[in-house]
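To find a chain, count down the sequence lines: A is the first, B the second, and so on, and within it residues start at 1.
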Amino acid sequence: MGDPVRRDRVHARVRQKYLERATPATRRRITRERRSDEVEHRSSHRPGLPGTLNRYVDPQVPCQRSQGSHLDMPLEEGYSTHVPQAALPRAAFSGRRAARRTGHLLDERTNMSATRVRFAPSPTGYLHLGGARTALFNWLLARGAGGKYVLRIEDTDRERSTDEFLQAILEDHRWLGLVWDEGPEVGGDAGPYFQSERTGTYGPLLEKMLEEGKAYRCYCSPEELEERRSAAAEGGREWRYDRRCLSLGDDERAALEAEGRPSVIRFRVPDGKTRFDDMVLGPVEVDHAELDDLVLARSDGSPTYNFVVVVDDLSMGVTHVVRGSDHTSNTPKQILIAKALGGTPPTFGHLPLVLGPDKQVLSKRRGALAVGEYRRQGYLPEAVVNYIALLGWSYDGESEFFALDELIERFDLSRVSGKAAAFDPEKLLWMNAQWLKRLPVPERTDRMLPFLRRAGLVGEQLSDEERARLEAIVELVDDRAKTLADIVEQAGYFLSDDIEYEEKAVNKVLTKPGVITIIDGLYTRLTEVQGFEPGAIEGLIRSFAEEQELGVGKVVQPIRVAVTGGTASPGMFETLSLLGRETVLERLTRARKIATERQGADS
RNA sequence: GGCGCCAUCGUCUAGCGGUUAGGACGCCGGCCUCUCAAGCCGGUAACACGGGUUCGAUCCCCGUUGGCGCUACCA
C-alpha cells in the first residue's frame with residue numbers, strides 16, 4: 001500500500017484543503033480528528049492484504065476456499081430474491097413515506113426465505129450499543145424472513161485487531177441472544193468467515209475486470225493526484241479523478257510498466273444513474289457523474305474496502321445489507337461494482353447513526369460504553385435489546401416492551417426512522433428496572449448469583465435453606481433495584497455481618513435523644529417475642545410505639561439504621577424477620593454502643 | 001465547496017391534509033406509607049424558519065438554517 005508515511009502526509013494535505021473551504025460545522029467535524037473506523041457502526045471494514053497472516057485461523061474450520069475465485073457458484077444462486085429497481089412501481093419512488101406504504105414489496109422480497117443477512121464487525125474494539133443495534137436489526141430481518149444470519153469478522157487490520165476484542169464481541173453478541181447461523185465457531189457453507197482468510201478471492205476477479213475493461217490500471221502517483229486536486233481546488237473546480245490513465249494506449253502502458261511505475265486498479269464508473277430503494281431511507285438516486293473512478297486495488301495489489309465488501313457479500317450470498325448510514329454514499333459504487341462482477345447487488349438498508357447523550361456519534365474513541373460493560377453493571381440482555389430496538393424504531397408509538405420473539409414478529413425496517421437517535425442512559429436504566437421486575441423471583445435470583453459470588457457474599461454451592469433465604473431476600477429487595485448490581489448492594493446486610501453504618505444515617509437518627517430507650521425497649525421485646533415472623537414483629541413494634549406515645553416511624557427508623565446501617569431499606573418487619581433474631585439483637589447492641597458514644601460526645 | 005441523508009416536548013417517539021398534536025423517560029406535585037423505592041393519579045414541555053399548494057397544513061412542494069455522512073492507494 002505504498003509508503004504509509006508519505007500517504008499520511010498527502011492525506012493530511014487533502015484534509016487541510018477540506019478544512020479551508022469547509023463550513024463551520026464541517027470544520028468542527030474535521031477538527032475533531034475523526035477516525036473513520038471509530039464511528040459508530042461501521043458494519044464493514046478494512047480490505048484484505050494479500051499474504052496477510054491469518055491471525056484467527058480456526059484449526060477446526062479449514063479454510064475451504066481461500067484460494068482462487070469461487071464467485072461464480074454463489075453468484076448464480078441465491079439471488080433470485082433481488083427485484084430489479086425497474087420492477088418497482090413508480091409510487092415507490094416518491095419519498096420516504098411512500099416507501100413505508102410500499103413496505104409490502106420489501107416484505108415480499110424478504111419472505112422469500114433465501115434471505116441471507118450479515119453483520120460484519122471488526123475486532124478492533126468492543127461492541128457498543130450502536131453496533132449492537134445494527135446486529136440486532138440484521139438478525140431481526142433474517143429471523144423475520146426465515147433466512148440466515150451470518151457473522152463475518154473483518155479482521156484484516158492486523159495492527160489493531162486482537163483476539164480479546166474478537167472474543168468480547170462474540171460473547172456480547174451471544175449474551176444479547178443473537179444466535180448466528182453461520183460464522184465463527186459454527187462454520188457454514190459460505191466460509192471462511194474471517195475476512196483475513198478470504199484474501200485469495202480478490203486477485204482473479206480484479207484480473208477479470210481488467211480484461212473486460214471494467215477496470216483499468218492507473219499510474220498516477222499520489223503526489224501527482226494531489227497536485228491536480230489542489231489545482232482544481234484553487235480554481236474552485238471540484239475534483240474527481242480525471243481518467244488520464246483510462247485512455248492510455250498499449251504502448252504507453254507498456255512503457256510505464258517497463259519503467260517500473262507502480263499502478264493502482266481503478267473501477268471504470270459507467271455513465272448513467274443508479275437508483276436503489278433503501279429499506280430504511282426509501283428511494284435514493286445518484287448520478288454517476290458524482291462518482292469517482294475509485295481505486296479497487298492499491299499499488300501493492302491489496303484490494304480496498306469497497307471492493308472487498310462487494311466481493312464478500314456476493315460470494316457469501318448476502319441478499320440484504322443493513323448497516324450504518326455512513327455507508328449510504330458508498331452504496332451506488334458498490335452496486336456498480338457488483339454489477340460489473342456479474343452479480344446482483346443486495347438490497348440495502350441504511351440505519352441512522354446512534355448518538356451519545358451529548359449528541360455526538362457513538363464511537364469507541366469517545367468512550368462509548370461496550371455492551372459488555374452493561375452486562376457487568378447488572379443490566380439484563382432483554383432490557384438492552386428492548387431499548388436499542390426502540391432507538392430509531394417504533395411499533396406504534398405506544399407499546400414499548402418487546403421481547404426478542406415479539407420483535408421478530410413486529411420489526412419492520414420501513415418503520416425505522418431516518419433520523420439519528422441519541423441514546424438516553426436514564427431510560428435504559430428504567431427499562432432495565434422494568435424487566436427486572438418482570439422476572440420471576442427464582443430466575444431473578446439465578447441471574448444475580450454471579451454478582452453475589454463476585455462480591456463474595458455467597459459461596460459456589462448453596463444449600464436449600466440458603467437458596468430459599470436468598471429468594472426471600474431478592475423478593476423483599478425487588479422494587480428498590482434497577483440493576484442486578486443494585487440487588488447485591490441492597491442484599492448486603494442480609495448476607496454479611498460486616499455492615500457499615502453510614503455517617504449521615506447515624507448522625508440523623510442514632511444521636512437523637514430517646515433512641516437508647518427505644519433500642520433497649522425493643523431489644524427486650526424482640527428477645528421475648530414468640531416466633532420471629534413479620535406479623536408478630538409488627539404487632540410488637542406497634543404496641544411499643546403506642547406505649548411510648550410515638551409514631552411508628554419514630555420507632556422504626558432507629559431500628560432500621562441499627563440493623564441495616566442506613567436509612568433506606570425494605571419494610572422493617574419483613575427485614576427483621578428475615579435477618580433473624582440473633583442477628584437483630586447483635587446489631588441492636590452494636591448500634592446502642594454507637595449511640596451511647598455519640599450522645600456522650602455531643603453533650 | 002459538491003453530492004446524499006435528516007429535522008415533532010430536554011431525550012426516544014406516534015402522527016401519514018381537518019387531532020385539545022398522543023405515548024414513554026426525565027422533572028415537578030399528590031396519593032399510598034415505618035424509610036427508600038415501586039405503584040397509582042395529576043402537571044411540565046414540541047411541530048427549526050420562510051415561502052408556496054390548499055377551504056384548511058406538523059403532514060405535500062420549494063428555499064433557508066442547522067445536524068450528520070460521503071467526497072483517500074481509510075474502513
Side-chain angles (χ1 to χ4, degrees), chain A residues 1-2 7 10-11 14-15 17-18 20-23 25-26 29 35-37 39 42 44-47 95-97 100-101 122 124 154 156-157 218 221-222 225 233 236-240 262 264-266 278 281 284-287 290-292 294-295 297-300 302 304-306 308-309 324-330 332 350 352-353 355 357 359 361 387 390-394 396-400 417-424 426-431 433 437 478-482 538 541-542 545 551-557 559-561 564 566-573:
Chain A
M1 60 170 59
R7 199 180 68 227
V10 170
H11 290 164
V14 172
R15 192 167 300 155
K17 278 274 141 41
Y18 282 141
E20 282 160 13
R21 57 197 156 107
T23 59
T26 316
R29 174 166 47 81
R35 293 283 308 249
S36 53
D37 48 297
V39 168
R42 298 268 161 187
S44 308
H45 303 266
R46 309 218 152 174
R96 217 183 106 58
R97 290 179 186 282
R100 283 193 179 191
R101 277 195 288 274
S122 91
T124 54
E154 312 228 325
T156 51
D157 183 342
C218 166
S221 71
L225 289 172
R237 283 165 283 128
E238 30 177 329
W239 161 263
R240 214 160 278 131
V264 299
I265 298 175
R266 284 187 186 272
D278 191 287
L281 267 17
V284 178
E285 186 181 83
V286 175
D287 194 321
E290 301 297 333
L291 271 26
D292 230 343
L294 72 167
V295 171
R298 305 183 183 88
S299 49
D300 68 353
S302 64
T304 57
Y305 163 78
N306 275 308
V308 172
V309 190
S325 68
D326 47 343
H327 284 291
T328 313
S329 305
N330 283 327
H350 291 94
L353 302 179
L355 312 178
K359 291 289 206 170
V361 176
Y387 181 74
L390 256 15
L391 265 186
W393 173 82
S394 69
D396 57 9
E398 306 277 304
S399 343
E400 50 187 353
S417 155
K419 181 189 161 196
F423 108 88
D424 179 2
E426 297 273 4
K427 190 155 185 178
L428 209 207
L429 189 60
W430 168 81
M431 179 143 274
K437 209 169 307 183
D478 66 353
D479 286 337
R480 270 148 281 258
K482 289 187 192 295
E538 175 164 8
I541 287 182
R542 287 195 189 280
V552 178
K554 289 272 184 259
V555 176
V556 164
Q557 206 54 357
I559 303 302
R560 172 170 285 118
V561 175
T564 71
T567 52
S569 85
M572 209 62 250
F573 313 132

Closest contact, heavy atoms only, [X] versus [Y]:
{"X": "A:S299", "Y": "A:V264", "answer": "N-CG1, 3.6 Å"}
{"X": "A:Y387", "Y": "A:M431", "answer": "N-SD, 3.8 Å"}
{"X": "A:A422", "Y": "A:L391", "answer": "O-CD2, 3.8 Å"}
{"X": "A:R480", "Y": "A:S569", "answer": "NH1-O, 3.7 Å"}
{"X": "A:T564", "Y": "A:M572", "answer": "CG2-CE, 4.4 Å"}

Short side-chain N/O contact to B:G10 OP1/OP2 from A:K359, under 4.0 Å: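 Negative; the distance criterion is not met.
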A:S329 vs B:U71: side-chain N/O to OP1/OP2 distance below 4.0 Å: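 No.
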Partner nucleotide, any strand, of [N] [Watson-Crick/G-U, under 3.5 Å]:
{"N": "B:U65", "answer": "B:A7"}
{"N": "B:U53", "answer": "none"}
{"N": "B:C27", "answer": "B:G43"}
{"N": "B:U19", "answer": "none"}
{"N": "B:U33", "answer": "none"}

Between [M] and [N], how far apart are the [atom1] atoms? Round to whole Å, please.
{"N": "B:G52", "M": "B:C70", "atom1": "C1'", "answer": "32 Å"}
{"N": "B:C47", "M": "B:G22", "atom1": "P", "answer": "13 Å"}
{"N": "B:G63", "M": "B:A45", "atom1": "C1'", "answer": "30 Å"}
{"N": "B:U71", "M": "B:U54", "atom1": "C1'", "answer": "40 Å"}
{"N": "B:C25", "M": "B:U20", "atom1": "P", "answer": "25 Å"}
{"N": "B:C59", "M": "B:G1", "atom1": "P", "answer": "27 Å"}
{"N": "B:C68", "M": "B:G51", "atom1": "C1'", "answer": "26 Å"}
{"N": "B:C49", "M": "B:U8", "atom1": "C1'", "answer": "15 Å"}

What is the distance, to the nearest angstrom, from the [atom1] atom on [X] to the [atom2] atom on [N]?
{"X": "A:D292", "N": "B:U71", "atom1": "CG", "atom2": "P", "answer": "10 Å"}
{"X": "A:E290", "N": "B:U71", "atom1": "CD", "atom2": "P", "answer": "14 Å"}
{"X": "A:K419", "N": "B:A46", "atom1": "NZ", "atom2": "C1'", "answer": "10 Å"}
{"X": "A:L353", "N": "B:C68", "atom1": "CG", "atom2": "P", "answer": "10 Å"}
{"X": "A:W393", "N": "B:U13", "atom1": "CH2", "atom2": "P", "answer": "12 Å"}
{"X": "A:E238", "N": "B:C70", "atom1": "CD", "atom2": "C1'", "answer": "13 Å"}
{"X": "A:R240", "N": "B:C70", "atom1": "CZ", "atom2": "P", "answer": "17 Å"}
{"X": "A:W239", "N": "B:A72", "atom1": "CH2", "atom2": "P", "answer": "10 Å"}

Rounded distance (nearest 0.5 Å) linking atom OG of A:S329 with atom NE2 of A:H350: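 Rounded to the nearest 0.5 Å, the OG-NE2 separation comes out at 8.5 Å.
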Residue met sooner reading RNA chain B from 5', once A:T328 and A:A481 are mapped to nucleotides: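 Of the two residues, A:T328 wins.
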Distance-only polar pair, side chains of A:T304 and A:N306, donor-acceptor under 3.5 Å: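 Side-chain D/A pair, A:T304 to A:N306: absent.
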Touch class at under 4.0 angstrom, heavy-atom based, for A:D287 against every strand present: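 It contacts nothing in the nucleic acid.
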Sugar-phosphate only, base, or nothing, as touched by A:V264 at under 4.0 Å among non-hydrogen atoms: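 Base, at least one base atom sits under 4.0 Å.
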Side chain to side chain, A:W393 and A:S417, heavy atoms closer than 4.5 Å: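 No; the side chains remain at least 4.5 Å from each other.
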pair A:R240-A:E290: side-chain heavy atoms closer than 4.5 Å: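 With C-beta onward as the side chain, the pair touches.
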Nucleotide nearest A:V284 when distance is taken to its side chain, options B:U11, B:C73, B:G4: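 Among B:U11, B:C73, B:G4, the one nearest the side chain of A:V284 is B:G4.
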Nucleotide nearest A:V295 (side chain, heavy atoms from C-beta), chosen from B:C3, B:C73, B:G4: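 The listed nucleotide nearest to A:V295's side chain is B:C73.
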Summary of protein contacts for nucleotides 22-35 of chain B, nucleotide by nucleotide, where a base hit scores B, a sugar-phosphate-only hit scores S (4.0 Å, heavy atoms): BBBB--------BB
